[in-house]
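Let me begin by presenting the structure, written as structure tokens, before commenting on it.
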Protein chains: 2
Amino acid sequence: MTTEQTRADAGRYVEDLADIEDDFDRWYVEVVKKSGLIDDSPIRGCKIIKPYGYALWEACMNYLDPQFKATGVENASFPMFIPRANLEREADHVEGFAPEVAWVTHGGGRAFPESEWWAVRPTSEAVILPAFGKWIQSYRDLPLLINQWNSVFRWTDRPRAFLRTAEFLWHEGHTAHATAEEAVERTLQMLEIFRVFLEEQCAIPTIPGVKSEAEKFAGAQRTYTVEAMMGGKKWALQAGTSHYFGDHFGRAFDVQFLDRDGSRKFIESTSWAVSQRVIGAVIMVHGDDAGLILPPRMAPIQAIGVPIYKNDEEKAQVEEALDAALGAVAFAGVRAKADWSDQRSGWKRNEWELRGVPIRLEIGPRDIAAGVATIVRRDTREKEQVATDDLATRVPLLLEQIQTDLLRRARALLDENTHPIDDYDALKEHVAANRGFALVRWCLDPACEAAIKEETKATSRCLPLGGQDDPGPCVRCGREATGPRWVFARAY
Amino acid sequence: MTTEQTRADAGRYVEDLADIEDDFDRWYVEVVKKSGLIDDSPIRGCKIIKPYGYALWEACMNYLDPQFKATGVENASFPMFIPRANLEREADHVEGFAPEVAWVTHGGGRAFPESEWWAVRPTSEAVILPAFGKWIQSYRDLPLLINQWNSVFRWTDRPRAFLRTAEFLWHEGHTAHATAEEAVERTLQMLEIFRVFLEEQCAIPTIPGVKSEAEKFAGAQRTYTVEAMMGGKKWALQAGTSHYFGDHFGRAFDVQFLDRDGSRKFIESTSWAVSQRVIGAVIMVHGDDAGLILPPRMAPIQAIGVPIYKNDEEKAQVEEALDAALGAVAFAGVRAKADWSDQRSGWKRNEWELRGVPIRLEIGPRDIAAGVATIVRRDTREKEQVATDDLATRVPLLLEQIQTDLLRRARALLDENTHPIDDYDALKEHVAANRGFALVRWCLDPACEAAIKEETKATSRCLPLGGQDDPGPCVRCGREATGPRWVFARAY
């Protein structure tokens with residue numbers, strides 16, 4: 001491929017991007033690839049997360065890891081395989097995960113007997129709980145608060161970048177407690193960390209709530225979730241979950257402790273996780289026709305410098321000014337970089353818009369003459385001239401402003417597209433027309449939930465925490481529904 | 001188990017530890033377990049890395065990751081599986097790794113045809129190079145500098161905590177370059193980062209060098225290594241490797257680029273890694289009869305506070321003083337923690353010595369009366385009284401002193417036990433008596449290398465970089481050996 005060809009191809013980037021309103025799904029598929037976040041892999045259902053995409057995951061880890069540790073959680077590393085017998089020890093758990101498991105059946109040059117196959121971990125309860133059983137003797141060993149950053153594998157025939165891939169990056173927290181009260185408290189504490197993380201770091205407001213029996217984690221007594229609304233079709237995305245297991249796994253794996261009163265009890269346990277799905281959420285909540293819009297706090301590059309010049313003389317002049325400007329900005333704590341590739345400036349503008357860099361900083365001969373730089377917001381495309389001396393204060397301030405504005409915009413999306421709906425036909429239409437979340441009365445009968453899913457494609461997302469009681473007829477069957485309304489929506 | 005039993009068991013910790021001089025191997029097995037670094041797992045050949053052990057790995061990652069990034073390397077994530085066909089594409093590579101591979105043969109409820117089995121990655125060249133082939137078009141896309149932090153799997157029937165486990169934590173860097181010169185430069189640059197990391201962070205001096213043909217990485221043109229000397233039996237440990245592949249993998253995976261001169265060429269590539277083995281090295285280089293001795297820069301806890309009191313009144317008094325002392329020390333940047341468990345202070349002293357915390361800080365009523373704290377170095381057991389007002393300056397200084405002293409001690413171990421040996425019987429005796437590294441003349445004939453291994457159990461560790469030519473007769477066959485001497489030693 002010649003330089004000219006590369007340029008010509010590159011010039012087509014943005015015009016090639018599917019229209020976000022017309023075909024959100026195609027837009028998503030194209031934007032994750034063209035912005036350099038992800039690539040296909042030779043393993044079915046798995047993707048390669050490229051450096052730009054992985055940097056977003058690092059932004060998640062760098063936020064969450066210290067938060068977990070501040071609550072006393074410690075990281076550890078458990079094997080990536082689980083003996084078949086372990087996985088089969090908890091009935092609901094194995095029923096939920098077995099169909100998605102990949103099996104190691106040969107190793108070290110020999111075949112394993114079928115009863116001794118290894119499951120590639122779909123989640124690690126079945127290897128962590130037995131270890132807890134060895135480590136926990138008495139109440140003094142509790143709580144035990146463990147996390148691991150790793151990847152897990154759950155077979156899928158319909159992979160979707162970041163949102164659903166067979167192997168995916170996540171962390172999994174697992175805790176053991178002496179009392180149910182403490183375990184529930186931990187479950188909610190971690191959910192709150194997820195909620196704040198999504199809001200503060202990802203600029204995504206969520207609805208924290210409880211999952212229905214049908215939607216909860218395999219083996220959990222109660223699953224809490226933070227549900228976010230995506231852009232485009234306004235579907236829901238479960239952005240993080242926190243599970244309270246009661247003594248269910250303690251019993252299944254026989255993890256007991258000697259309590260203060262001298263009696264032996266089963267531990268209460270929890271697990272909680274966010275995964276690379278949140279990257280998908282960031283893309284879908286904030287992106288626009290031109291590509292990604294990254295929240296400044298997550299953006300690997302927060303300010304991209306684009307030099308404007310026509311000849312070598314101008315280039316030398318601009319280089320000095322741009323280096324100085326970006327140096328000042330970087331010194332103020334901004335992740336800044338210049339694009340000195342030999343592409344045209346128009347190409348660079350498109351490229352860095354596609355890649356969602358929050359601020360573009362342009363300097364050309366005219367800017368230099370005026371002692372200014374031109375800065376352009378990615379989200380609103382607003383331009384302003386800033387005196388070069390003021391860049392180090394203006395750019396960080398503008399980044400915070402963009403972060404705030406993105407959250408406000410995302411909150412408006414959620415608020416304006418979440419409606420109480422009492423009529424079943426109206427619900428069907430609401431869902432079919434992609435009008436967002438429906439707040440409905442539901443009698444809690446799983447048959448109604450299943451019927452709603454069958455007839456509208458909407459699933460129960462959660463019972464929002466702290467909701468007001470609003471009794472009335474079930475939206476599906478008309479029988480009395482008590483308690484607060486549930487969120488129903490189509491979901492990724 | 002009752003409290004009394006727990007205490008009684010705990011009291012036996014240190015007396016149970018095997019004598020480090022008498023039985024270094026048993027000492028190692030016991031110390032990694034009793035100090036809470038690692039535990040057995042239900043998967044053959046794999047271990048669970050417990051929080052205290054994982055914190056040491058975090059100390060490695062936290063040092064290395066920014067170092068890699070400072071040289072332009074970016075992190076990414078590739079699938080944990082490799083299609084069989086990919087692995088088989090490079091002949092030396094598959095020959096080297098196939099016997100150690102674990103195979104996924106079933107997934108999503110069905111069996112794969114044997115030709116489509118997935119290898120659990122033993123290393124990722126065979127999935128990364130094909131991706132490089134998609135990402136690299138021209139010289140403008142080079143160099144491509146990628147790293148990933150993950151775990152890989154290589155079957156072993158003789159696992160050894162941290163040193164050799166089937167699954168192990170590591171990072172793997174992979175780079176592609178336009179020229180051989182640049183690729184070799186990168187290989188050496190990363191080796192130097194490893195050398196400095198081991199010295200500065202782990203307090204372990206190493207001998208950087210080149211591996212022999214027999215000892216190099218499967219598929220590499222040249223493998224560089226940093227070889228460290230362990231305590232106890234003074235065996236060698238390969239603590240990090242950096243491989244120059246030439247265009248070998250470029251050809252095997254058909255990764256070409258359009259060069260400046262308009263011609264198509266195969267890329268030159270490298271890979272480089274350190275693994276959790278370095279934790280094993282830290283344990284074996286610095287530990288003593290009482291357990292671990294952690295270099296302060298790596299230690300998860302740098303100063304452990306042990307309160308001394310006889311009754312509740314004293315306890316309250318001591319609590320206030322210890323909190324204040326540790327608070328001041330923590331404010332000075334020291335990772336400090338108090339042990340308020342209900343164990344006796346004697347138990348606590350043993351426990352934290354076993355766990356290798358560099359400084360123990362004790363405060364009792366007498367210390368309070370004198371306005372001092374007693375601080376005890378883990379490495380030398382030296383005690384000193386420090387005025388509480390001076391703790392915030394004295395403790396950080398002492399930590400740096402300990403770090404320096406550990407490195408000096410480790411360097412003395414290496415220097416004093418590395419000897420030129422010209423006589424073959426002397427070499428046999430040297431190796432059999434665990435007297436350390438032998439610097440020998442070797443004719444480079446693989447037959448001599450194999451014979452030395454067979455007859456003495458010593459392997460060629462490396463040809464040290466920058467060594468002086470010292471021609472003379474080969475230690476094994478007497479034929480002329482040119483160039484500098486090679487390091488031969490038994491190795492883990």
Side-chain angles (χ1 to χ4, degrees), chain A residues 1-3 6 39 41-55 57-58 74-83 85-86 99-109 117-118 120 127 130-131 134-135 137-138 140 146 148 150-151 153 155-157 166-167 169 258 341-342, chain B residues 1-3 6 39 41-55 57-58 74-83 85-86 99-109 117-118 120 127 130-131 134-135 137-138 140 146 148 150-151 153 155-157 166-167 169 258 341-342:
Chain A
M1 201 184 289
T2 67
T3 306
T6 310
D39 203 349
S41 93
I43 294 291
R44 189 191 177 96
C46 297
K47 301 278 182 186
I48 294 167
I49 301 184
K50 296 177 75 174
Y52 200 55
Y54 195 80
W57 183 236
E58 289 181 312
E74 295 180 301
N75 288 331
S77 177
F78 293 81
M80 63 169 121
F81 303 123
I82 300 175
N86 280 37
E100 300 175 355
V101 166
W103 295 99
V104 170
T105 67
H106 289 66
W117 286 6
W118 298 344
V120 180
V127 66
K134 292 166 68 181
W135 301 344
Q137 310 298 330
S138 80
R140 272 199 245 84
I146 298 288
Q148 63 178 344
N150 59 20
S151 65
F153 187 95
W155 189 273
T156 176
D157 284 316
E167 183 184 357
L169 298 168
L258 186 74
S341 69
D342 53 8
Chain B
M1 200 185 290
T2 67
T3 306
T6 310
D39 204 349
S41 93
I43 294 291
R44 189 191 177 95
C46 297
K47 301 278 181 186
I48 294 166
I49 301 183
K50 296 178 75 175
Y52 200 55
Y54 195 80
W57 183 237
E58 289 181 312
E74 295 180 301
N75 288 332
S77 177
F78 293 81
M80 64 169 120
F81 303 123
I82 299 176
N86 280 36
E100 300 176 356
V101 166
W103 295 99
V104 170
T105 67
H106 289 66
W117 286 5
W118 297 344
V120 180
V127 66
K134 291 166 69 182
W135 301 344
Q137 310 298 330
S138 80
R140 271 199 244 84
I146 298 288
Q148 64 178 343
N150 59 19
S151 65
F153 187 95
W155 189 274
T156 176
D157 284 317
E167 183 185 357
L169 298 168
L258 186 73
S341 69
D342 53 9

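Reminder, nothing fancy here: chain letters follow the sequence lines and each chain counts from 1.
Proximity to chain A (any heavy atom under 4.5 Å) is shown, for B:W57, by neither the backbone nor the side chain. Contacts between A:P83 and chain B at a heavy-atom distance below 4.5 Å involve backbone atoms as well as side-chain atoms. For B:W155, the part sitting under 4.5 Å from any heavy atom of chain A is the side chain, from C-beta outward, and nothing else. With a 4.5 angstrom heavy-atom cutoff, B:N150 does not touch chain A via any of its atoms. If you measure heavy-atom distances from B:P42 to chain A, the contacts under 4.5 Å come from both the backbone and the side chain. For A:Q148, no part lies near chain B; criterion is any non-hydrogen pair under 4.5 Å. Of the atoms belonging to B:K134, it is side-chain heavy atoms, and not backbone ones, that fall under 4.5 Å from chain A. For a residue to count as touching a neighbouring chain, one of its non-hydrogen atoms must lie under 4.5 Å from one of that chain's; by this rule B:I82 touches chain A with the backbone only.
When the candidates A:D157, A:V120, A:N86 are compared by the number of heavy-atom contacts under 4.5 Å with chain B, A:V120 comes out ahead. Ranked by non-hydrogen atom pairs under 4.5 Å with chain B, the options A:A55, A:C46, A:A76 are led by A:A76. Ranked by heavy-atom pairs under 4.5 Å with chain B, the first of A:A131, A:A102, A:A85 is A:A102. When each of A:G45, A:S341, A:G108 is checked for heavy-atom pairs under 4.5 Å with chain B, A:G108 comes out on top. Most heavy-atom pairs under 4.5 Å with chain A, from the set B:P79, B:G109, B:A166, B:S151: that is B:P79.
In this structure, the separation between CE on A:M80 and OG on B:S41 is 11.5 Å, given to the nearest 0.5 Å. Rounded to the nearest 0.5 Å, atoms CD1 (B:I43) and CZ (A:F78) are 13.5 Å apart.
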**OP:** Output, in order, the C-alpha distance, side-chain angles, deciding distance and verdict of side chain to side chain contact (heavy atoms under 4.5 Å, CB included) for B:V104 and A:F153.
**Re:** CA-CA 12 Å; B:V104 170; A:F153 187 95; over 6 Å; no

Original post:
Is there a side chain to side chain contact (heavy atoms under 4.5 Å, CB included) between B:I48 and A:W135 once you walk through the steps?
Top reply: CA-CA 12 Å; B:I48 294 166; A:W135 301 344; 3.8 Å; yes

